[in-house]
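Shown next, in structure tokens, is the structure this report addresses.
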Number of protein chains: 2
Amino acid sequence: MINEIEKYRALGDLTRFRIARILLKAGKELCVCEIEDILKIHQYNASKHLNLLKRSGLVEERKEGRLRMYKIKDNNKFNQYLIKSIISLESQSDNGLKNDFMNLKKRLTLRKDNKVVVTR
Amino acid sequence: MINEIEKYRALGDLTRFRIARILLKAGKELCVCEIEDILKIHQYNASKHLNLLKRSGLVEERKEGRLRMYKIKDNNKFNQYLIKSIISLESQSDNGLKNDFMNLKKRLTLRKDNKVVVTR
DNA sequence: ATCATATATGCCAATATAGGCATATGAAAT
DNA sequence: ATTTCATATGCCTATATTGGCATATATGAT
């Protein structure tokens, strides 16, 4: 249960919330460099926040070559409710986060054959 | 949306999570002194954490005489999912929080006619 | 008006957190 | 083996957070 509290805490930071939000919206794994680019954050911050999200159990990581692919974990009830809570906010446009989804879409079109193309 | 992130943050602290959990389990308003007693925490901490929970929009307050009655707000989808996430953890007994529910039950039996009896 | 009591709040110290920066790691390519 | 590149990590500083304590506020009782 203490572990689950870490998940609330993980989402209680704007940057991590934005990461979770685009991972969810993407509906697929994203690599660190894509996340950096979409959210316009520094590499080291993307990496650090992803690490915390991973440790909390909200996100999982897979190595693919030199990339690390991250995605949301939805394999348990608790995470599923948190996911629903995030999705329930999508309709709210009263925020400065509208660009994240646009950038996500744009970035995903850069992929070739659904494979990440690294462009820094 | 930024406001909703405060709700995650609010639940991302063990003491506040425990408060939310017993408010939910109680299914009714509790006053500060009851919460102190149930969770065995100091008055000023109960008060401070309740204030943060209130500001986040997860909890609402009502004055009744010199008591302040607090309860969970479940009037919106986002809160409802958070509530479900909390409830989904109830089955987990692998935590040190089992006493909270016992103390809640015990404390509520002290009420007369469902009215708070202050006993410090 | 005064007192008692439930709750809130301001201040302090210890600790945690986030971002910035430099550097390390580790896998792929040459 | 060396280089390149994606990502991670250690260190630093500024800021935020938490609990403790003392005290203020506000309501009800006398």
Side-chain angles (χ1 to χ4, degrees), chain A residues 2 5-20 23 29-56 58-71 107 110-112 115-120, chain B residues 2 5-20 23 29-56 58-71 107 110-112 115-120:
Chain A
I2 307 294
I5 293 177
E6 287 303 305
K7 296 177 185 179
Y8 292 124
R9 199 172 76 76
L11 290 174
D13 171 87
L14 180 56
T15 303
R16 287 190 295 266
F17 175 80
R18 291 171 68 209
I19 291 174
L23 283 176
E29 300 171 318
L30 298 177
C31 73
V32 179
C33 68
E34 289 177 316
I35 292 168
E36 290 169 50
D37 182 34
I38 292 163
L39 301 183
K40 311 301 178 198
I41 59 180
H42 283 286
Q43 180 271 321
Y44 49 79
N45 280 332
S47 179
K48 280 175 184 172
H49 284 304
L50 280 163
N51 184 38
L52 197 150
L53 282 164
K54 184 178 73 169
R55 278 183 289 141
S56 82
L58 256 180
V59 150
E60 62 190 330
E61 179 204 67
R62 186 176 64 84
K63 294 190 186 184
E64 172 153 345
R66 30 182 138 173
L67 302 182
R68 307 261 178 127
M69 307 299 297
Y70 285 93
K71 72 173 179 200
R107 177 72 203 207
L110 291 186
R111 288 195 180 185
K112 301 284 184 202
K115 287 286 174 195
V116 177
V117 174
V118 178
T119 63
R120 270 243 159 81
Chain B
I2 306 294
I5 293 176
E6 288 302 305
K7 296 178 185 178
Y8 292 125
R9 198 170 76 76
L11 291 174
D13 171 88
L14 180 57
T15 304
R16 287 190 296 266
F17 175 80
R18 291 171 68 208
I19 291 174
L23 283 175
E29 301 172 318
L30 299 178
C31 74
V32 180
C33 67
E34 288 176 316
I35 293 168
E36 291 170 49
D37 182 33
I38 292 162
L39 301 183
K40 311 302 178 197
I41 60 180
H42 281 286
Q43 179 270 322
Y44 47 81
N45 281 331
S47 180
K48 281 175 183 172
H49 284 303
L50 280 163
N51 186 37
L52 197 150
L53 282 163
K54 184 177 74 170
R55 279 183 288 141
S56 81
L58 257 181
V59 149
E60 64 190 327
E61 177 205 70
R62 187 176 63 85
K63 293 190 187 185
E64 171 151 343
R66 33 182 137 168
L67 302 182
R68 307 262 178 127
M69 307 299 296
Y70 286 93
K71 73 174 178 198
R107 178 70 202 209
L110 290 186
R111 288 194 179 185
K112 301 283 183 202
K115 287 287 176 195
V116 178
V117 174
V118 178
T119 61
R120 272 240 159 84

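The shown structure was predicted, so the numbers you read here are calculated from the model rather than taken from an experiment. Chain identifiers are assigned alphabetically (A, B, ...) following the order of the sequence lines, protein sequences preceding nucleic acid strands; residue numbering begins at 1 within each chain.
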Without decimals, in angstroms, what is the distance between B:Leu11 CG and D:dT18 C1'? 17 Å
Measure the distance from CD on B:Glu29 to P on C:dA6 and round it to the nearest whole Å. 18 Å
Taking NZ in B:Lys115 as the centre, count heavy atoms belonging to other residues, nucleotides or ligands within less than 6.0 Å. Is the count above 12? no
Look at all strands and tell whether B:Glu34 reaches a base, only sugar-phosphate, or nothing, counting heavy atoms closer than 4.0 Å. nothing
For B:Arg55, what residues pass the salt bridge (charged side-chain N to carboxylate O under 4.0 Å, His left out) criterion, not counting sequence neighbours? none
Rounding to a whole Å, what distance do you find between B:Met69:CE and C:dA8:C1'? 17 Å
Take B:Met69 and B:Leu30 through the test side chain to side chain contact (heavy atoms under 4.5 Å, CB included) and record every step on the way to the result. CA-CA 5 Å; B:Met69 307 299 296; B:Leu30 299 178; 5.6 Å; no
Within the structure, does a side-chain N or O atom of A:Ser47 lie under 4.0 Å from either OP1 or OP2 of D:dT7? no
Please tabulate the protein-to-nucleotide N/O contacts below 3.5 Å involving nucleotides 17-19 of chain C, giving atom names and distances.
{"unit_1": "C:dT17", "atom_1": "OP1", "unit_2": "A:Arg9", "atom_2": "NH1", "d": "2.8"}
{"unit_1": "C:dT17", "atom_1": "OP1", "unit_2": "A:Arg9", "atom_2": "NH2", "d": "3.3"}
{"unit_1": "C:dA18", "atom_1": "OP1", "unit_2": "A:Arg16", "atom_2": "NH1", "d": "3.1"}
{"unit_1": "C:dA18", "atom_1": "OP1", "unit_2": "A:Arg16", "atom_2": "NH2", "d": "2.8"}
{"unit_1": "C:dA18", "atom_1": "OP2", "unit_2": "A:Arg16", "atom_2": "NH1", "d": "3.4"}
{"unit_1": "C:dG19", "atom_1": "OP1", "unit_2": "A:Thr15", "atom_2": "OG1", "d": "3.2"}
{"unit_1": "C:dG19", "atom_1": "OP2", "unit_2": "A:His49", "atom_2": "NE2", "d": "2.3"}

Considering non-hydrogen atoms only, spot the tightest contact between B:Thr15 and B:His49 and give its length. CG2-CD2, 3.5 Å
Please report the shortest heavy-atom distance between A:Ala46 and A:Ile19, naming the atom on each side. O-CD1, 4.5 Å
Grab the CG-C1' distance between A:Leu14 and D:dT15 for me, whole Å please. 16 Å
Could you tell me the separation between the CD1 atom of A:Ile35 and the P atom of D:dT7, rounded to a whole number of Å? 9 Å
Would you mind reading off the bend of the helix from C:dA1-D:dT30 to C:dT30-D:dA1 from its two end axes, five pairs each, to 10 degrees? 20°
Go along nucleotides 25-30 of chain C 5' to 3' and tag each nucleotide: B for a protein heavy atom under 4.0 Å from its base, S when only backbone or sugar atoms are that close, - otherwise. --SB--
Would you name the heavy atoms of B:Ala10 and B:Leu53 that are closest together and state the gap between them? CB-CD2, 3.9 Å
Taking only residues two or more places apart in sequence, or in another chain, which ones meet B:Arg62 in a side chain to side chain donor-acceptor pair (under 3.5 Å)? B:Glu29, B:Glu64
D:dA6 base to A:Gln43 side chain: any donor-acceptor pair below 3.5 Å? no
From the list A:Leu52, A:Leu23, A:Leu11, side-chain contact (heavy atoms from CB on, under 4.5 Å) with A:Leu58 holds only for A:Leu11
Give the rounded distance in Å between these two atoms: CD of A:Glu36 and C1' of D:dA8. 12 Å
In whole angstrom, give the distance that lies between atom CG of B:Leu53 and atom P of D:dT18. 10 Å
Checking B:Asp13 now: which residues fulfil salt bridge (charged side-chain N to carboxylate O under 4.0 Å, His left out) with it, not counting sequence neighbours? none
Please check if atom NZ in B:Lys112 has more than 12 non-hydrogen atoms from other residues, nucleotides or ligands closer than 6.0 Å. no
Please test B:Arg66 against B:Cys31 for side chain to side chain contact (heavy atoms under 4.5 Å, CB included), starting from the C-alpha separation and ending with a verdict. CA-CA 10 Å; B:Arg66 33 182 137 168; B:Cys31 74; over 6 Å; no
